[in-house]
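Shown next, in structure tokens, is the structure this report addresses.
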Amino acid sequence: MKENLLIVIKVLLFIFCLALIIIGQKTVGKMELGLMLIGLAGLLGLLYDYNRKYA
């Protein structure tokens, strides 16, 4: 049960980070750049978490 909840949270976080990148890409500005960097950091964090068990 706990693993299923963790997977759902990770999927929701992935969708949120991807949305931040897509929303930030639509216009040019410092605020949008910040949104894209936060989204990228989130995706890299998820990738790190996924690969941590194989390292």
Side-chain angles (χ1 to χ4, degrees):
M1 184 69 181
K2 185 178 177 184
E3 289 184 20
N4 290 339
L5 180 63
L6 196 59
I7 290 172
V8 169
I9 289 172
K10 287 180 182 178
V11 168
L12 290 176
L13 185 61
F14 174 79
I15 292 171
F16 177 72
C17 291
L18 198 60
L20 284 179
I21 293 174
I22 292 172
I23 290 170
Q25 183 189 7
K26 289 186 178 179
T27 58
V28 177
K30 292 180 181 176
M31 182 70 174
E32 288 77 17
L33 178 63
L35 286 176
M36 289 192 308
L37 288 176
I38 291 171
L40 181 63
L43 289 179
L44 289 175
L46 286 171
L47 186 63
Y48 170 76
D49 184 54
Y50 174 76
N51 285 326
R52 184 175 51 176
K53 58 186 168 189
Y54 298 111

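What you are looking at is a predicted structure, and each value in this text was computed from that prediction instead of being measured.
Expressed to the nearest 0.5 Å, how far NZ of Lys2 lies from CG of Leu5 amounts to 9.5 Å. The structure places CG of Leu18 at 11.0 Å from CG of Leu13, a figure rounded to the nearest 0.5 Å.
By the side chain to side chain donor-acceptor pair (under 3.5 Å) test, Gln25 is found to be paired with no residue, residues two or more places apart in sequence or in another chain being considered.
The ring-ring contact (aromatic ring centres under 6.0 Å, His included) contacts involving residues 5-35 comprise nothing, where partners must be two or more places apart or lie in separate chains. Residue pairs satisfying the side chain to side chain donor-acceptor pair (under 3.5 Å) criterion with at least one member in residues 32-44, sequence neighbours excluded, are listed as follows: Thr27-Glu32. Applying the ring-ring contact (aromatic ring centres under 6.0 Å, His included) rule to pairs touching residues 26-55 yields Tyr50-Tyr54, sequence neighbours excluded. Residues in residues 35-55 take part in these salt bridge (charged side-chain N to carboxylate O under 4.0 Å, His left out) pairs, two or more places apart or across chains: Lys10-Asp49, Asp49-Arg52. For residues 12-28, no pair satisfies salt bridge (charged side-chain N to carboxylate O under 4.0 Å, His left out), with sequence neighbours left out.
Looking at every heavy atom in both residues, Leu20 comes nearest to Ile38 through CD1-CG2, 3.8 Å. Closest heavy-atom contact between Cys17 and Gly39: CB-O, 3.5 Å.
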Handout entry: Intermediate values then yes/no, side chain to side chain contact (heavy atoms under 4.5 Å, CB included), Ile15 and Val11
Key = CA-CA 6 Å; Ile15 292 171; Val11 168; 4.0 Å; yes

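Linking ILVMFWY residues whenever their side-chain heavy atoms come closer than 4.5 Å, directly or via other members, places Leu46 and Ile22 in the same cluster.
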